[in-house]
Structures are given as C-alpha cells and as structure tokens.
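Please read the structure below before turning to the comments.
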Amino acid sequence: MKQQFADDLRADTINLIVPVVSIAAVLVSLLSMLRGDILSERGHFLILFMGSIFVGTHTRALVAKGNGRRAAWLFLTAYLLMLSLIVNQEWHPGSPLPYLYGLFVVISAMILEPTAGFGFWLFSTAALFASVLTTEALSLSVVGMLIPPVIVNFLLAAAAFLSAAEWNFAVNSVSELHRKAQHRRDELFAIQEELKAANLRLQAVNEELDRARETAVAERDMRTRFMNNVSHELRTPLNAIVNFAHILAHGGRGPVSTEQADYLHRIEQAGFHLLNVLNDILDMAQIEAGEFKLRLEKANLQPLCEEAMVNVRGLIMEKEIELIRDYPDVWPTVEVDTIRFKQALLNLLGNAAKYTEKGHIALRVKPEDDQVKIIVEDTGIGIDPAHHEAIFKEFRQLNEADARKRIGTGLGLPITRHLIRRHGGDVVVKSEVGKGSQFIVTLPICADDAVETADPATETEPT
Ligand code: ADP
C-alpha cells in the first residue's frame, strides 16, 4: 500500500519531468543542427533529437502501463548515453557541458530513490572521463578541468539525496495517514452495514411484536366476550335457583320437612356461592378488558368498615373467634366507589374468616397524615412469605386441597388489589405460616373533611 502510493507519486513526477526535458532536448538539438552540416558535423544532435522523441513517447507509454521504474531507467540511461555522446563531440576546455550531468543526478534521485543520485553520479563521472579522454590526451590540466563539475555534481547528488529522503519521509507519513484514513473509512462502512442489518432486524422484531400484540388483543377480547356471555347466561338461572330454594325453604309454597328445609338451604347456599364466583369472574374479565369503571364519591369510612364487620360476623358464627374493632377517634373522609370498596374490604375479611379457626379477626383503622391504613388482621393459618406476591395473581391458591375445602376461586385478592389501586391506594400482606396474617390497605384521605365518632374506643365483640 505504502509502496503503491510512492510509485504513484513517482509516476506523476516522471510524467512531469520527461516531457520538459525531452522538449528542451529537442529544441536544443534542433537549434544546434541548424548551425552546421547535420550529417557530417551535427549527427550527434540528430541522435539527441530522435532519441528525445523516442524516450519522451516511450517513457509515457511505460508509465501508463504501470512500469514506472522501467520508464525511469530508460530515460536516465538514454540521456546518459546521449549526453556523453555530445560531450565527446563538443567538449573543449572551459565547456559547461559536464555540469549538465548534475541535472540528471538530481532527476535520478527524484524518480528512482534517494541514493540513486550517487549511483548516477558515479556512472556520469565514468562516462564524462570516457567521453573526454577518447578525444583529449590524458593530462593534468584536462583532469583538473573535469574535477570541478565532478565535485559540483557530487554535491548535487548529496543535496538531491537529502531532499529526496525528506520527500520519502513525507510520502511515508502521508501514505500512513492515507492508510489510516482508509482503514477508518472501512470501519465506518462496516459499522454502517451493521447498523443497517440491526435496523432491519429491529424492524422485523417490531413487526413481529405488532402481530403478537394484535393477536393477544384479539384473544383477550374474545376471552372477555366469552366470559361476559357465560357469566350472564349463568347468572339468570342461578338467581332463579337461589330465590326459589329460599322461598321453598321458608314454606312459601306449602310446608316442608326439616330434612327438606336443610336440603333447600344447602341449594340456596351453593347457588349463592356460585353467584359470587360468577361475579368475581365477571369483575376479572372487566378488569382485564380495561372496562372496569368506578363511581367515586366522598364518603365517611366508618359506615363502610362497620357494614363489612357486620357481614363478617355471619361468616364466623360457628367458630371461636373474637371480632376486634380498633377504630380511630376521628374518622377520615375518603373518595371511594362505596360498593367496590366494601367488596374489597369484604374479600379481605371473608378470607380472614375462611382461613382462621380460632383467636381473633381485627379491623384496625389508623389515619396517618394524608392517608389511612386499614388493617385486616387474623390469627389464622398464615402465609409463607415466599408466596406473598403470588397470592395477588389470578387463580393462585396456595394449598389447593385446603382452598377447595374452604371454597374459593383464587380471584379475591387480585380483584381486591386492583380495586384498591384504582382508588389510589395499595394493599400488602404481612404474614408467616401459623402466625396469622395482616392485610394492610392504604388509601388517600380527602384533606378537607373529618368526622368524629360518638364512642371511638377500641371495641371487641365476642361471638
Ligand atoms: P381464594 O378464593 O382462594 O380465597 P384469594 O385470591 O382470596 O382466593 O386468595 C388467594 C390465596 O391466598 C388463598 O387461596 C389462600 O391460600 C391465601 N390467603 C388469602 N387470605 C388468607 C388469609 N387471611 N390467611 C391465610 N391465607 C390466605
């Protein structure tokens, strides 16, 4: 690469120098031929004339074919011979012709290599002596006349060497820079290609993602529609079963025996449970479809908590569980969808009732700055900390056999968390196996309002 670059520059130099020297030589030979008889006295100038034309055209042809070095050798050898012929014919004491060798000494260093100047100086000195001494007798005075041009030509060789060496150094640096620039350009090209490929890959991935998203949305919509339809279709006959069983059990269509009443109660309870399950499924379907709407209104927290506590009492009738109300002196106002908020609270209290056999279930309400903590606490079976996040995912029941015994869908907690989060709050669990559980709901308080209760002390309600 470096060599190629130097060769290119050398070829440029040859193309510049050769025509100049050739034209000058042609002109000089023409003028010289006019001054005498061409064939007898001026034949050497005729040779110079024709030689210059030949060298001029051939050198350019060689350079064009990429043979720069051969062109340089042809040019230098031809002019060394032609100049020597002229010196042989024209030299006389005091003639400046020997100094002309210096011109070619310099050119040789330029078009071959820096040291070539010394080589050409050697050849030209030999040629000068040979040309002069074939016509002049060897004498001290002749040699003395040839010494100054030989010294001057040597100095020219040295000067040409230095400048050509510097030129070479510059060429090397430039070619190194050129090489680095090309390397950099290649690297940039490679990076550009890689970027293009990465872009294409990204585009493909994006398109695939779009397709996957569309499929997922279509599937979700289909599932939601299906769940909605199924829920609605089941709800009507279930309501009929529950209501008619209730009417029959209470003697609405004539007297029933105790055993019949017991069976009818069971039908009513099972139907009621199924209705709850259906409601959960419907809620979840709405949540997933993003169609779940809240009707927010400002409300006092006390009646909401109290209603939930009254409801939970019915669930623990047959168990030795104490109900504890740990209420604040001043009740905060919250902005909630009262039905949905009660549903969330009932889910938590219902779970406490389901998973607790004895001890207590407490509802602790603690206003703190701009939020209120509502803690549902029980002394039931507890939950392994490893499952604290899992129980908030749909259809997760930790011990399925256990859960089946207690009847549940695994949808209560996910719905509860969604409801609370939609109210701007959150719900977390603190629990260990065998040590009971605490579900802690936080809810923002409406800043402007607070209601005082008549008797705010902590109350317990034995069953
Ligand atoms: P499920 O209808 O099964 O109760 P949930 O979503 O309400 O569904 O609860 C998920 C699981 O979390 C339950 O199956 C149960 O294993 C566990 N869990 C929830 N609440 C309690 C609690 N108070 N004590 C112990 N385990 C609980």
Side-chain angles (χ1 to χ4, degrees), residues 227 231 234 238 269-288 292 305 308-309 311-326 340-365 373-423 425-442 463:
M227 283 167 106
S231 301
L234 289 176
L238 263 177
Q269 267 173 7
F272 199 68
H273 170 69
L274 267 179
L275 265 180
N276 282 339
V277 171
L278 269 181
N279 283 338
D280 276 358
I281 291 174
L282 201 61
D283 282 350
M284 208 61 224
Q286 277 186 338
I287 288 170
E288 286 200 346
F292 197 85
C305 290
M309 281 301 261
N311 269 318
V312 89
R313 196 193 299 138
L315 302 173
I316 53 171
M317 296 275 228
E318 286 144 28
K319 297 182 184 175
E320 284 174 33
I321 297 175
E322 186 184 5
L323 268 187
I324 301 175
R325 293 169 168 78
D326 181 5
R340 291 306 191 175
F341 181 70
K342 248 188 292 175
Q343 179 187 347
L345 216 51
L346 261 175
N347 271 343
L348 296 178
L349 285 165
N351 276 350
K354 249 197 288 184
Y355 299 104
T356 308
E357 290 307 319
K358 60 178 193 303
H360 71 253
I361 291 175
L363 183 64
R364 304 187 192 282
V365 180
K373 272 192 177 156
I374 304 156
I375 303 165
V376 176
E377 181 185 290
D378 66 53
T379 51
I381 58 174
I383 304 159
D384 188 334
H387 299 132
H388 283 187
E389 260 315 297
I391 55 171
F392 288 101
K393 304 258 176 343
E394 297 93 357
F395 306 112
R396 299 292 171 88
Q397 294 179 309
L398 299 184
N399 181 341
E400 287 188 16
D402 229 20
R404 249 195 309 278
K405 234 184 337 178
R406 294 187 171 92
I407 314 176
T409 55
L411 284 176
L413 287 180
I415 292 173
T416 302
R417 179 175 262 185
H418 180 84
L419 285 174
I420 300 295
R421 285 187 174 167
R422 286 286 301 273
H423 281 91
D426 204 357
V427 55
V428 291
V429 61
K430 275 189 192 166
S431 179
E432 274 179 48
V433 176
K435 292 190 179 165
S437 313
Q438 272 195 334
F439 284 84
I440 303 161
V441 174
T442 43
T463 54

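Atoms within a ligand are numbered from 1 in the order they appear, just like the ligands themselves. Atoms considered below: every heavy atom in the structure, side chains included; atoms not considered: hydrogens, waters and symmetry mates.
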If you define the side chain from C-beta out and look only at heavy atoms, does anything of I383 sit under 4.5 Å from V433?
no

Check whether any side-chain heavy atom of F272 lies under 4.5 Å from a side-chain heavy atom of V277, and answer yes or no.
no

Regarding T442 and D426, do their side chains bring together a donor and an acceptor under 3.5 Å, going by distance alone?
no

Short version for L411: what comes under 4.0 Å of ligand 1, heavy atoms counted, is backbone

Report the residues that fulfil side-chain hydrogen bond (donor to acceptor under 3.5 Å, both in side chains) with H360, sequence neighbours left out, ordered by chain and then residue number.
E377

Within reach of ligand 1, part of T356 (heavy-atom separation under 4.0 Å)
neither

Of the choices I383, N351, I391, which has the non-hydrogen atom that lies closest to atom 27 (C) of ligand 1?
I383

Just so I know, are the side chains of R313 and L323 near enough to count as touching, which here means a heavy-atom distance under 4.5 Å?
yes

I381 neighbourhood, listing ligand 1 atoms whose heavy-atom distance to it stays under 4.0 Å:
25 (C)

Would L413 count as being in polar contact with ligand 1, using the rule that some N or O on each side must be under 3.5 angstrom apart?
yes

Geometric N/O contact G412 with ligand 1, under 3.5 angstrom
yes

Check contact between F439 and ligand 1, using heavy atoms of the residue and a distance below 4.0 angstrom.
yes

Those atoms of ligand 1 less than 4.0 Å from some heavy atom in P414
6 (O)

In this structure, does ligand 1 have an atom that sits under 4.0 Å from one of the heavy atoms of G380?
no

Presence of salt bridge, E322 and K358, under 4.0 angstrom
no

For R340, enumerate each residue passing the salt bridge (Lys or Arg N to Asp or Glu O under 4.0 Å) test, keeping only those at least two apart in sequence or located in another chain.
D283

Residue part near ligand 1, for K354, under 4.0 Å between non-hydrogen atoms
side chain

